[in-house]
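Before any comments, here is the structure.
Note on naming: letters A, B, ... go to the chains in the order of the sequence lines (proteins, then strands), and numbering restarts at 1 for each one. What you see is a predicted model, and the numbers here were worked out from it, not measured in a lab.
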There are 2 protein chains.
Amino acid sequence: MSATLKDIAALTGLSVTQVSRALNDHDDVSAETKQRARDAAKALDYRPNLSARRLASGRSGIVGLVLPPQDRTPRDSMFVQMMRGLSSAFSRHGRLFVLHAADEGEDVVAVHRRLIDGGSLDGFVLIEPEHDDPRVAYLQGRGVPLVMHGRDGPAPDYPFYDIDNLAVGRALTQMLLRAGHRRIGFINGREDMCYVAQRRLGWERALREAGVEPDPALHEHGQMTESLGALATLRLMGPEGARPSALIAGNMLIAKGIYTALSMLGLKVPQDVSVVVHDDMLPGEDLLAVPPSSGTRSALAQSWEPLAAALIGAIEGRALPKTQHLGDFEIVEAGSIAPPS
Amino acid sequence: MSATLKDIAALTGLSVTQVSRALNDHDDVSAETKQRARDAAKALDYRPNLSARRLASGRSGIVGLVLPPQDRTPRDSMFVQMMRGLSSAFSRHGRLFVLHAADEGEDVVAVHRRLIDGGSLDGFVLIEPEHDDPRVAYLQGRGVPLVMHGRDGPAPDYPFYDIDNLAVGRALTQMLLRAGHRRIGFINGREDMCYVAQRRLGWERALREAGVEPDPALHEHGQMTESLGALATLRLMGPEGARPSALIAGNMLIAKGIYTALSMLGLKVPQDVSVVVHDDMLPGEDLLAVPPSSGTRSALAQSWEPLAAALIGAIEGRALPKTQHLGDFEIVEAGSIAPPS
DNA sequence: AGGGTTGCCCGAAGCGTTTCGGATTGGCAA
DNA sequence: TTGCCAATCCGAAACGCTTCGGGCAACCCT
């Protein structure tokens, strides 16, 4: 089997204790000893036994993410991206990142609990925050480190990485306002998602700032799928007079549905209807399927490193200067906006 | 913290040893004692510490899958399906299934090695077998249990779940032969994938059985993407005379590309060109994007349970009656075949 | 009655690591 | 010289679990 501390101790003539401390870079080990231990470790190709470490120290070096059950996630490729990004960020920090898919019937909190009790995981990356998220309550209650991808409320009491979704909603709306639109529809994501509420708020605020009272009938929401985009568009475009002259899509899938529905209705973008869309920039995703659209874009990939750093900091009990991060987004013009007809 | 064996021992008046044996259902514990231990465990909400267990027994109860690096996997949703399926299958067996994405630069074998040495994982589910797969060699060399989704060669020496890809290739070809086609193009997956070779073999065999010598120029292969489907179609359909009158698509994405390219060329399915396609049936995947196509379908979901059972059997050193499974596929007729014009 | 078998149980060792407390130096000030 | 401090080191205990080897009845067989 693999070499153990004992082997290194035997080879170097040190004690197991000192080797352990040397390899973990404690401060009461001489520089020379540290080097000797490290050399021997390399020579023997030593790999610490994580189970033993965990048992003794309470930490295993493994962190994880629990994929929420059900297929609430129509964008599988985003998860794979996320997996990859987080895996590599954590492995740069010498940690192992691992993913577990919760079972359909299972309670998400119970899954986290199993993982902690089993003693395998040191901390969690959470995604898709809900309002008063029960996972957060549970983990905080047990003192288990966590970081959130997204956030609940403007300033939660945990580390997170998020973009300013209110600003996104506002920016999208303003792009259309500037072109002269006043009736602006918004096809948004699931109502219980925090970012969805934020974006809606941004939409409302931008409208009010322009002296337009937001019409709740123009806000549609649901699972972010192509069919939501199509159905919501048909609904919004139904009554001729009340029709919005522009649409905001919560993401590319929705946008795709919008384009499909509009072309069914014989409406052209941007001549008849302007369209803007927000999305993460996913390298390699086949967005060519939807016509180029103006709107906002955020770079998901920026989040992995800060999330990893924050979680590791929390696990090691180090106070980090900054654990709450706001990523930025950029505005792209791609010709899907025109003045209202 | 969580309750330990010692707590249960104290509560029941048994020894720690006996409690451990009772809960693990050893056979030298009386039925009554077992029950008493189980009751106490439930009452105290006992969760075994996996690290301790692993340390003592060499087994952690965690199995994993390493996602190959790079984006060799255009079909992310398939992986998510797989994750979900395997997670739930293993958790039914009281095991924890976990996924780790290999880093871009990283050697896949090295990743497995890290996971074993760390002492965290008991065994692996492998996917996407290559010829003489180095992962298999390494794991077998170290005596680490594995199961394969797919297989290398007709009868490898490890547990696997696969479908008969030769038969799939043959069935697809025969569907077209029966309609009278003789020049049948095949747009297949990456050449180094085992199943790709098998399907090609099936195609060749079916043709020979019908007295047609397979034309290597009619076999295209590459990453299974929409653009491969489109480009390969354009290539195959280039020289007017040598054109195939029917096409086989390795999966739905390829088929989609085929449909796109054919419509660009002004060719209609099935009047001008017949198309058949094989794919896994992925619930919820948006296959509506491609017109309904005849061909073969296999149910990926059938594989999780056998894979899980086989891996657990291997870990526990039990000899299972059956560890190599061949799933079946069905043939669907959906109107994309017509006699050659 | 003696010897063997069976059923049930327990003590203690050990898995590989961390960590607590103490031990051993040498140097330096008093 | 004595006392004290910093710098290094080490032994032993502990983490929670499994397992090896043995013990003690109660039973059956001859």
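With respect to A:Arg135 and A:Glu128, no salt bridge is recorded, no charged nitrogen being found less than 4.0 Å from a carboxylate O. A salt bridge does not link A:Asp133 to A:Arg151: none of the charged nitrogens lies less than 4.0 Å from a carboxylate oxygen.
In the interface, the side chain of A:Asn49 is not paired with the base of C:dC15 through any donor and acceptor atom under 3.5 Å apart.
With rounding to whole Å, A:Arg54 atom CZ is found 13 Å from D:dC17 atom P. Distance A:Leu50 CG to D:dC17 C1': 17 Å, rounded to the nearest Å. Rounding to whole angstrom units, CZ of residue B:Arg53 and C1' of C:dG14 are separated by 17 Å. The NZ-C1' distance, from A:Lys6 to C:dT18, rounds to 15 Å in whole Å. As rounded to whole Å, 13 Å separates atom P of D:dG16 from atom CD1 of B:Ile8. The separation between B:Arg59 atom CZ and C:dG14 atom P is 21 Å, rounded to whole Å. Rounded to whole Å, atom P of C:dG21 lies 15 Å from atom NE2 of A:His26. One interatomic measurement links the two molecules: CG of B:Leu5 to P of D:dC17, which rounds to 4 Å at whole-angstrom precision.
With distances taken from any side-chain atom of B:Thr4 to the nucleotides C:dT18, D:dT19, D:dC17, the minimum falls on D:dC17. Checked against D:dT8, C:dC8, C:dT17, the side chain of A:Asp28 finds its nearest nucleotide in D:dT8. Listed nucleotides: C:dC15, C:dT18, C:dC9. Nearest to the side chain of B:Leu55: C:dC15.
The stretch residues 14-23 of chain B touches DNA chain C through B:Leu14, B:Ser15, B:Thr17, B:Gln18, each having a heavy atom within less than 4.0 Å of the strand.
Contact between the side-chain N/O atoms of B:Thr33 and the OP1/OP2 oxygens of C:dC9 is found at a separation under 4.0 Å. A sub-4.0 Å separation between OP1 or OP2 of D:dT18 and a side-chain N or O of B:Asn24 is present.
Between A:Phe124 and A:His112, the ring centre distance stays below 6.0 Å.
A donor-acceptor pair under 3.5 Å links the side-chain atoms of A:Lys34 to the main chain of A:His26, judged by distance alone. A distance-only check finds a donor-acceptor pair linking the side chain of A:Arg95 to the backbone of A:His93 [under 3.5 Å].
When each of B:Lys34 and B:Ala56 is assigned the nucleotide of DNA chain C with its nearest heavy atom, B:Lys34 is the one assigned upstream, toward the 5' end.
For residues 299-319 of chain A, the pairs satisfying ring pair (Phe, Tyr, Trp, His ring centres under 6.0 Å) are A:His149-A:Trp304, with sequence neighbours left out.
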